[in-house]
Amino acid sequence: QVQLAESGGGLEQAGGSLRLSCAASGRTFSSYTMGWFRQAPGKEREFVAAISRSGGSTYYADSVKGRFTISRDNAKNTVYLQMNSMRPEDTAVYYCAADRGLTISRRVTTYDYWGQGTQVTVSS
């Protein structure tokens, strides 16, 4: 089992940047595919980005491609989401998630463990 804790959220102006971090407990972090999801008020949770166990493969939602970058540091048990050129529509609670499967997935139901989330607000 792994426990996840997000940090780095906050208030940012449109066009600005934020970096989210997700720290994982346990010694098996490198055996999990990791993902970032977000949920805006009144909307379903949606996929943002995911990264393979080694970090060699990444996958992005079309809405963030070219603006967001997911990365991981297995030595630090941490996954990151660098968010640039932010837009008001990026406003949401951002969650990191861990998946024991081998392939990268964008499906919420694939992921086994979730953090509590961190609020990101982008003002226009």
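All residue numbers in this chain count up from 1 along the given sequence.
A disulfide bond (SG atoms under 2.5 Å apart) check over residues 30-85, counting only residues at least two apart or in different chains, returns nothing. Within the structure, side-chain hydrogen bond (donor to acceptor under 3.5 Å, both in side chains) pairs that include any residue of residues 2-14 do not occur (at least two apart or interchain). For residues 58-97, the pairs satisfying ring-ring contact (aromatic ring centres under 6.0 Å, His included) are F47-Y59, with sequence neighbours left out. Every pair passing salt bridge (charged side-chain N to carboxylate O under 4.0 Å, His left out) that includes a residue from residues 110-124 is listed here, sequence neighbours excluded: R100-D112.
The SG atom of C22 sits 10.0 Å away from the CG atom of N77 when rounded to the nearest 0.5 Å. Taking CZ of R72 as the start and OG of S54 as the end, the distance is 8.0 Å to the nearest 0.5 Å.
For R53 and F29, the positive end is not near the middle of the six-membered ring at less than 6.0 Å and at most 45° from its axis.
Side-chain contact between L4 and W114 is absent, with no heavy-atom pair separated by less than 4.5 Å. Proximity of L18 to M86: side-chain heavy atoms (C-beta onward) are separated by under 4.5 Å at one or more points. Between R38 and E46 there is a side-chain heavy-atom pair separated by less than 4.5 Å. I104 places none of its side-chain heavy atoms less than 4.5 Å from the side chain of I51. M34 has its side chain out of reach of S71: every pair of non-hydrogen atoms, C-beta onward, lies at least 4.5 Å apart. For the pair V48/L81, a side-chain contact is recorded, criterion being any heavy-atom separation below 4.5 Å from C-beta on. Using a 4.5 Å cut-off on side-chain heavy atoms (C-beta onward), M83 and V120 make contact.
The minimum heavy-atom distance between V93 and G117, with the atom names listed, is CG1-CA, 3.8 Å. The shortest heavy-atom contact between F37 and R106 is CE2-O, 3.7 Å. Between A50 and Y111, the shortest heavy-atom distance links the atoms CB-OH, 3.6 Å. The two residues A98 and V2 make their nearest non-hydrogen contact at CB-CG1, 4.0 Å. Between T28 and S31 the shortest heavy-atom distance is O-OG, 2.6 Å. What you find for A14 and S124 is that their closest heavy atoms are CB-CA, 4.3 Å.
Not one N or O on the side chain of T109 forms a donor-acceptor pair closer than 3.5 Å with the backbone of R107. At distances below 3.5 Å, at least one donor-acceptor pair connects side-chain atoms of S52 with backbone N or O atoms of S57. The backbone N or O of V122 lies less than 3.5 Å from a partner atom in the side chain of T91, making a donor-acceptor pair. The backbone N or O of L11 sits nowhere less than 3.5 Å from a side-chain atom of T121 that would complete a donor-acceptor pair.
Partners of S85 under the side-chain contact (heavy atoms from CB on, under 4.5 Å) rule, at least two apart in sequence or in another chain, are R67.
Residues N84 and S17 have side chains that bring a donor and an acceptor to within less than 3.5 angstrom of each other.
Within 6.0 Å of CD on Q116 lie no more than 12 heavy atoms contributed by other residues, nucleotides or ligands.
R87 and D90 are not joined by a salt bridge, as no carboxylate oxygen comes within less than 4.0 angstrom of a charged side-chain nitrogen.
Membership of an apolar cluster is not assigned to L102, as no side-chain contact below 4.5 Å to another ILVMFWY residue is traced.
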